Amino acid sequence: MKEKRPILIDAPRVGRSIEPLCGWYQKHARKLPWRQTNDSYAIWVSEVMLQQTRVEAVIPYYERFMTALPTIEALAEVDDDVLLKLWEGLGYYSRARNLKKAAQICAVQYGGRLPGSYTELLKLPGFGPYTAGAVASIAWNLPVPAVDGNVMRVISRITALEHDIKDPATVRAVRELLCGVIEASEPGILNQALMELGACICVPNGAPRCHECPVSAHCAARENGQTELFPVKAPKKQRRIEEKTVIVVCVDDGVLLCKRESKGLLANLYSFLCEDGHLTKETVIDICKQHGITVESVSEMKPAKHIFTHIEWHMIGYLVQGTGKTLPYENDIIAARHQIRTAYSIPRAFASYQKEIGLL
DNA sequence: AACTCGGGGCC
DNA sequence: GGCCCAGAGTT
């Protein structure tokens with residue numbers, strides 16, 4: 001049984017930290033692309049990309065995305081495959097789908113702009129408490145918190161918070177605490193300063209760089225020599241293992257691709273034939289026939305492993321040479337190699353097999 | 001409250 | 001190999 005305790009946070013320490021923190025931010029903030037604009041759409045796109053994704057990974061995606069889709073109207077009208085191709089490799093692809101959905105709502109209901117309050121933002125798909133708070137505070141300087149993993153870690157250390165920072169109740173408590181102090185500051189600066197400190201100084205893995213920290217004098221974990229004890233994290237959950245058989249079918253100059261289902265893992269992305277279980281060569285030939293392929297030869301490919309957050313795929317692969325004129329499944333296509341590179345979004349799980357046939 | 005949903009860069 | 005990242009949606 002998990003003990004339930006009231007969540008008490010040392011608010012005065014947070015209050016004392018704000019001034020030095022914001023001062024530090026204005027001197028030391030990294031010059032990131034989305035910090036060079038006041039465009040709420042650009043800030044929105046960046047915040048969605050940054051969900052569960054590191055800054056360095058986002059930068060090239062962000063630049064490419066904003067060039068291709070510079071306005072909400074452009075996003076609202078973009079073809080789904082083009083959108084997914086822009087997102088290919090970023091992961092959590094429902095973020096892209098919700099981004100477009102929300103853009104369409106903005107186009108129809110709000111005259112092509114984001115609605116201008118935290119509460120209205122929160123109603124849009126893809127906007128949770130963090131993203132709504134981030135856009136409202138950074139783009140419009142509205143006094144609402146934006147609590148992400150960085151902020152939780154920073155507050156956890158400053159206040160020596162004994163509760164699991166992943167627990168939604170703890171996140172709510174931190175959000176409410178910040179609601180009480182954010183009025184007395186520049187909301188956009190404060191929120192970004194908390195995140196910047198978490199990303200650059202009060203780091204997640206490895207020792208925090210307390211000697212460079214503008215708040216070290218106010219930090220409870222630092223005072224007690226307990227920076228390693230915070231943040232408190234819940235025990236990890238276990239991943240399940242799934243066996244898969246990847247079948248790469250080459251037909252003339254093309255490769256067989258299958259559009260994945262519209263729900264679930266890697267929804268709407270393209271892949272090679274991918275079946276449950278580790279199948280034999282004979283079964284593979286049978287499956288190829290079902291897909292309208294006349295098999296000429298089959299060879300084994302390298303086994304591969306791909307790790308998702310909650311699943312581990314153990315893949316074996318077969319390379320099939322064949323011919324096929326009619327494809328009975330409507331989600332199957334024969335794609336030319338250059339099309340695969342430029343038009344079809346293929347998740348990283350299949351990278352090993354893309355490389356093996358020279359497609360990556 | 002617990003699960004689902006990607007991928008990569010550190011340690 | 002594990003960790004966690006400028007989280008949100010579904011059940």
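Below, read A as the first sequence line, B as the second, and so on, with proteins coming before strands; counting in each chain starts at 1. Just so we're clear, the structure is a prediction, and the values are computed from it rather than from any experiment.
Contact between the side-chain N/O atoms of Q52(A) and the OP1/OP2 oxygens of dG7(C) is found at a separation under 4.0 Å. Phosphate contact (OP1/OP2 of dG6(B), side-chain N/O of H306(A), threshold under 4.0 Å): absent. Between K237(A) and dA2(B) there is no side-chain N or O to OP1 or OP2 distance below 4.0 Å. Considering only side-chain N and O atoms, T309(A) lies nowhere under 4.0 angstrom from the phosphate OP1 or OP2 of dG7(B). Contact annotation: R153(A) reaches the phosphate of dC5(C) (side-chain N/O to OP1 or OP2, under 4.0 Å). For N205(A), no side-chain nitrogen or oxygen approaches OP1 or OP2 of dC10(B) to under 4.0 Å.
Residue Y92(A) is classed as a base contact, given a heavy-atom separation below 4.0 Å to a base. Among the heavy atoms of the strands, none lies under 4.0 Å from G206(A). As judged by a 4.0 angstrom heavy-atom cut-off over every strand, I138(A) is placed among residues making no nucleic acid contact. N191(A) comes within 4.0 angstrom of no nucleic acid atom, judged by non-hydrogen atoms across all strands. Within 4.0 Å of R348(A), counting heavy atoms only, lie sugar-phosphate atoms of the nucleic acid but no base atom. When heavy atoms are screened at a 4.0 angstrom cut-off, R30(A) is found touching base atoms of the nucleic acid. Within 4.0 Å of G198(A), counting heavy atoms only, lies no atom of the nucleic acid at all. Base contact: R35(A) has a heavy atom under 4.0 Å from a base atom. Using a 4.0 Å heavy-atom criterion, one finds that S46(A) contacts no nucleic acid atom at all. Note on S94(A): nothing from the nucleic acid sits closer than 4.0 angstrom, heavy atoms only. Among the heavy atoms of the strands, none lies under 4.0 Å from P168(A). The residue W34(A) sits close to a base: some heavy atom pair falls under 4.0 Å.
I165(A) places its CD1 atom 13 Å from the P atom of dC3(C), with the value rounded to the nearest Å. When rounded to the nearest whole Å, the span between CD of Q51(A) and P of dG9(C) equals 8 Å. Residue L50(A) contributes atom CG, which lies 16 Å from atom P of dG8(B) at whole-angstrom precision. Across the protein-nucleic acid pair, Q354(A) atom CD and dG7(B) atom P stand 11 Å apart, rounded to whole Å. Atom pair E56(A):CD and dG8(B):C1' shows a separation of 10 Å (rounding to whole Å applied). The interatomic distance linking F308(A) (CZ) with dG8(B) (C1') rounds to 13 Å, in whole Å. Atom C1' of nucleotide dG1(C) and atom CD of E312(A) are separated by 10 Å, given to the nearest angstrom. Look at CG on N98(A): it is 11 Å from C1' on dC5(B), rounded to the nearest Å.
For dG6(B), its base sits under 3.5 Å from the side chain of T53(A) at one donor and acceptor pair at least. Between the side chain of Y130(A) and the base of dG7(C), no donor-acceptor pair under 3.5 Å is found. Donor-acceptor pairing under 3.5 Å, judged by distance alone, is present between the side chain of R54(A) and the base of dC4(C).
Between K233(A) and D164(A) there is no salt bridge, since no side-chain nitrogen of the basic residue lies less than 4.0 Å from a carboxylate oxygen of the acidic one.
The listed nucleotides are dC5(C), dA6(C), dG2(C); the one nearest the side chain of R239(A) is dG2(C). Closest contact between the side chain of H310(A) and the listed nucleotides dG9(C), dC5(C), dC5(B) involves dC5(B). Listed nucleotides: dG7(B), dC3(C), dA6(C). Nearest to the side chain of K233(A): dC3(C). Listed nucleotides dC5(B), dC4(C), dC3(C) differ in distance to K236(A); the shortest reach to its side chain belongs to dC3(C). Nearest nucleotide to the M195(A) side chain, out of dC3(C), dA6(C), dG7(C): dA6(C).
Comparing E47(A) and G126(A) against DNA chain C, the residue whose closest nucleotide sits nearer the 5' end is E47(A).
Counting non-hydrogen atoms of other residues, nucleotides and ligands closer than 6.0 Å to CD of E312(A) gives a total above 12.
If you take atom P in dG6(B) and the same atom in dT11(C), they sit 15 Å apart, rounded to whole Å. For the P atoms, the distance linking dA6(C) with dC3(B) amounts to 25 Å, nearest Å.
Closest non-hydrogen pair, W44(A) versus V135(A), comes out as CA-CG2, 3.8 Å. In terms of heavy-atom proximity, G133(A) sits nearest to A146(A) at C-CB, 3.9 Å. The nearest pair of heavy atoms linking I340(A) to K85(A) is O-NZ, 3.3 Å. Counting all heavy atoms, side chain and backbone alike, I287(A) lies closest to L279(A) at CD1-CD1, 3.5 Å.
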task = Begin from the C-alpha positions of H310(A) and F308(A) and carry the test ring-ring contact (aromatic ring centres under 6.0 Å, His included) through to its verdict.
result = CA-CA 6 Å; H310(A) 55 299; F308(A) 300 96; 7.2 Å; no

task = Test side-chain contact (heavy atoms from CB on, under 4.5 Å) on L75(A) and L83(A) and set out the steps.
result = CA-CA 8 Å; L75(A) 173 56; L83(A) 177 62; 4.1 Å; yes

